[in-house]
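As structure tokens, the structure follows; a few thoughts come after it.
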Amino acid sequence: MNNFRNDDTWAKQKRDTILVPEYYEKYCKGRYLLIDESTVPTPVFWYLQKQAGIDTIISKDKRAIGIEEKIVRYPTYKGEPHTAYTLETRSCTVEGHERDGWMKTSRADFLLYCFETDDGSLDCHSIKMSALQTWFWQCLEGNWNMFPTHTMKNENKSETKIVNIELVKKHVGVKTELIQQC
């Protein structure tokens, strides 16, 4: 069974030790805010994190840009390279508690999807969220089975679609960067 709290703690550790110094500091030079309960007042945190799906806000050209971060552990399935993104369609499928997933609810400007590599670095993929959402839902109109569905074995039984990375690169566009662990 998946353990959300352990995974979340691990992802925050990766964010703090790799993304912050080697990505946010490098490109934003202090003009960013990590959204978590220790840095943002509770009602604002609740809205940004839980309702808008924003993990970090960066300031660029006098505007705020919301980033949704996903950090995936290594090793990959059977040691093979990652070939797909796991895109959440429903964050909860438990009867009576159903809730749309971040592919529908996120208001972030960008999805920063990072895959941990065998040396602990992060292979980061930056994708414009609105373009990804529009393309994804258009693909599924009338063809829900276009992408394989996976239901997590977690408490919420989250539902995801497994979407090929190359397909997203072709139709939406993806900027990639390997961020080395110091």
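Nothing fancy with the numbering, it's 1 onward along the sequence. Below, each value reflects all heavy atoms present in this structure, side chains not excepted, and no hydrogens, waters or symmetry copies.
The two residues Gly120 and Ile18 come nearest to each other via the heavy atoms O-CD1, 3.1 Å. Nearest heavy-atom pair, His82 versus Ile165, reported as atom, atom and distance to 0.1 Å: O-CD1, 3.8 Å. Closest approach of Trp144 and Thr149 over heavy atoms only: NE1-OG1, 4.0 Å. Here the closest non-hydrogen pair linking Lys157 and Asn154 is N-OD1, 2.7 Å. Closest approach of Ile58 to Cys28, counting heavy atoms only: CG2-SG, 3.6 Å.
For Glu88, the salt bridge (charged side-chain N to carboxylate O under 4.0 Å, His left out) criterion is met by no residue, not counting sequence neighbours. Checked against salt bridge (charged side-chain N to carboxylate O under 4.0 Å, His left out), Lys128 has no partners two or more places apart in sequence or in another chain.
Linking Ile, Leu, Val, Met, Phe, Trp and Tyr residues whenever their side-chain heavy atoms come within less than 4.5 Å places Trp102 and Leu140 in a single cluster. Taken together through direct or relayed side-chain contacts under 4.5 Å among Ile, Leu, Val, Met, Phe, Trp and Tyr, Val20 and Phe115 form parts of separate hydrophobic clusters.
The shortest distance between side-chain heavy atoms of Val72 and Tyr85 does not fall below 4.5 Å. Put simply, the side chain of Lys161 reaches to within 4.5 Å of the side chain of Phe136, judged on heavy atoms. Residues Val163 and Phe147 meet the side-chain proximity criterion, which asks for heavy atoms closer than 4.5 Å. With contacts defined as side-chain heavy-atom distances shorter than 4.5 Å, the pair Asp119/Tyr74 does not qualify. With contacts defined as side-chain heavy-atom distances shorter than 4.5 Å, the pair Glu98/Cys92 does not qualify. Looking only at side-chain heavy atoms (C-beta outward), Leu167 and Trp135 come within less than 4.5 Å of each other. Counting heavy atoms from C-beta on, the side chains of Ile179 and Asp123 never come closer than 4.5 Å. Inter-residue side-chain proximity for Ile57 and Ile67 is flagged as unmet; no heavy-atom pair is nearer than 4.5 Å.
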Passes side-chain contact (heavy atoms from CB on, under 4.5 Å), Leu112 versus Tyr23? Steps please.
CA-CA 11 Å; Leu112 187 62; Tyr23 189 81; 3.9 Å; yes
Going through the checks in order, is the side chain to side chain donor-acceptor pair (under 3.5 Å) test met by Glu159 and Thr89?
CA-CA 6 Å; Glu159 179 185 270; Thr89 54; 2.9 Å; yes
Please evaluate residues Lys12 and Asp8 with respect to the criterion salt bridge (charged side-chain N to carboxylate O under 4.0 Å, His left out), reporting the C-alpha separation (whole Å), side-chain torsions for both, the decisive distance (0.1 Å), and the verdict.
CA-CA 6 Å; Lys12 283 182 181 172; Asp8 189 53; 3.4 Å; yes
Derivation of the side-chain contact (heavy atoms from CB on, under 4.5 Å) call for Trp137 and Lys104
CA-CA 9 Å; Trp137 292 110; Lys104 199 163 260 194; 3.9 Å; yes
When you look at Tyr32 and Glu25, which way does the side chain to side chain donor-acceptor pair (under 3.5 Å) test go after all the steps?
CA-CA 8 Å; Tyr32 62 92; Glu25 280 296 329; 2.6 Å; yes
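Distance check, rounded to the nearest 0.5 Å: CE of Met152 to OG1 of Thr93 gives 11.0 Å. Between the CZ atom of Phe110 and the OG1 atom of Thr56 there is a distance of 13.5 Å, given to the nearest 0.5 Å. In this structure, SG on Cys124 lies 5.0 Å from CG on Leu19, to the nearest 0.5 angstrom. How far CG of Leu111 is from CG of Leu87: 7.5 Å, rounded to the nearest 0.5 Å. Once rounded to the nearest 0.5 Å, the distance linking CG of Leu34 with CD of Glu69 reads 7.0 Å. In this structure, CD1 on Ile54 lies 9.0 Å from CE on Met129, to the nearest 0.5 angstrom.
With Glu116 as the partner, the salt bridge (Lys or Arg N to Asp or Glu O under 4.0 Å) test is satisfied by one option alone out of Lys14, Lys70, Arg15: Lys14.
With hydrogens and angles ignored, the 3.5 Å screen pairs a side-chain donor or acceptor of Asp109 with a backbone N or O of Gly66. In terms of modelled atom types and a separation under 3.5 Å, the side chain of Thr160 and the main chain of His150 share a donor-acceptor contact. Side chain of Ser121 to main chain of Thr117: no donor-acceptor pair is present (N/O by atom type, distance under 3.5 Å, no hydrogens or angles). Using modelled atom types, one side-chain atom of Gln133 and one backbone atom of Met103 make a donor-acceptor pair closer than 3.5 Å. Asp100 contributes no side-chain N or O that, together with a main-chain N or O of Arg90, makes up a donor-acceptor pair within less than 3.5 Å. Judged by distance alone, with hydrogens and angles left aside, the side-chain atoms of Ser126 form no donor-acceptor pair with the main-chain N or O of Lys175 at under 3.5 Å.
Side-chain contact of Asn156 with Ser158: a donor-acceptor pair under 3.5 Å is absent, judged by distance alone. No side-chain donor from either of Glu22 and Tyr27 sits under 3.5 Å from a side-chain acceptor of the other.
Taking the centre of each ring, Tyr113 and His125 stay at or above the 6.0 Å mark.
Within 6.0 Å of atom NZ in Lys60, 12 or fewer heavy atoms from other residues, nucleotides or ligands are found, so the atom counts as exposed in its surroundings.
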